[in-house]
Amino acid sequence: SSVIPWTDEIQFETLTAGTFNVGLSRQTFYETAFFHVATKSLVVTDAVAQIPLSPPALLDPSSLLLLSKRSTADAMPDDTPAGRQDGWEKLALLVSYFFPEHEEL
C-alpha cells in the first residue's frame, strides 16, 4: 500500500458523488476537501473524475474531429491523432461536466 507523503501537513476528506455512464464506460465522481493545517487554508474541489488521457477505440472518429473544431464555421479538420485528441478532451469535458445526459456523444 502506498503512503500519501503530505498527509501530516494536509488533511482531506473525499465523498463519492455518484457513478454514471460517461461515453463508453462508467465514471465515478468525487467531491474532496483539503485542509492545510499550518496555514489553516481550506481547498474544496468541485468534482474529480478519472477520465482516460487517450480516446477509446472508436469505429468512426468523425465525432471527435467535429468537436476538435474551434468554431462551427471551420472546415472539418484532417483525421490526425492530434485532431482526435483535441476532440476527445473537449468531449470528456462536455459529457462529464456540462451535458452528462448526452453520453451518446
Side-chain angles (χ1 to χ4, degrees):
S1 118
S2 62
V3 176
I4 301 170
W6 40 261
T7 55
D8 58 336
E9 298 175 47
I10 301 173
Q11 300 170 355
F12 69 98
E13 292 292 330
T14 300
L15 302 172
T16 302
T19 300
F20 309 93
N21 289 325
V22 177
L24 301 175
S25 64
R26 305 272 297 158
Q27 298 293 327
T28 301
F29 292 80
Y30 302 94
E31 300 288 339
T32 302
F34 301 89
F35 181 70
H36 186 249
V37 178
T39 62
K40 296 183 180 172
S41 297
L42 179 66
V43 178
V44 181
T45 63
D46 180 40
V48 177
Q50 182 177 5
I51 299 172
L53 294 175
S54 300
L58 298 173
L59 296 175
D60 180 7
S62 62
S63 62
L64 294 179
L65 297 173
L66 181 65
L67 287 167
S68 72
K69 295 172 30 168
R70 292 184 54 86
S71 166
T72 56
D74 290 347
M76 188 68 123
D78 293 333
D79 185 1
T80 63
R84 290 184 185 195
Q85 185 66 36
D86 286 347
W88 170 245
E89 291 171 7
K90 290 178 184 177
L91 177 65
L93 284 173
L94 285 170
V95 173
S96 298
Y97 296 102
F98 301 112
F99 304 107
E101 69 275 12
H102 292 291
E103 64 186 57
E104 74 279 0
L105 291 173

Within 6.0 Å of CZ in Arg70, more than 12 heavy atoms from elsewhere: no
CG/Asp74: more than 12 non-hydrogen atoms of other groups inside 6.0 Å: yes
Spacing of Gln85 atom CD and Leu53 atom CG [to the nearest 0.5 Å]: 7.5 Å
Heavy-atom closest pair, residues Ala17 and Glu31: CB-CG, 4.1 Å
Between CZ on residue Arg84 and CG on residue Leu91, distance to nearest 0.5 Å: 13.5 Å
Rounded distance [0.5 Å steps], CZ in Phe29 versus OG1 in Thr16: 12.0 Å
Point-to-point distance, once rounded to the nearest 0.5 Å, from CZ of Phe12 to NE2 of His36: 14.0 Å
same_hphob_cluster(Leu94, Leu66) at 4.5 Å side-chain heavy-atom cutoff: no
Hydrophobic cluster membership, Leu93 vs Trp88, 4.5 Å side-chain cutoff: yes
Spatial distance of atom CG (Asp79) from atom CG (Leu65) [nearest 0.5 Å]: 5.0 Å
Nearest heavy-atom neighbours spanning Phe34 and Ile10: CB-CG2, 3.9 Å
The single option from Ser68, Pro77, Pro81 passing side-chain contact (heavy atoms from CB on, under 4.5 Å) against Asp86: Ser68
Over all atoms of both residues, closest heavy-atom pair of Lys90 and Lys69: NZ-O, 3.1 Å
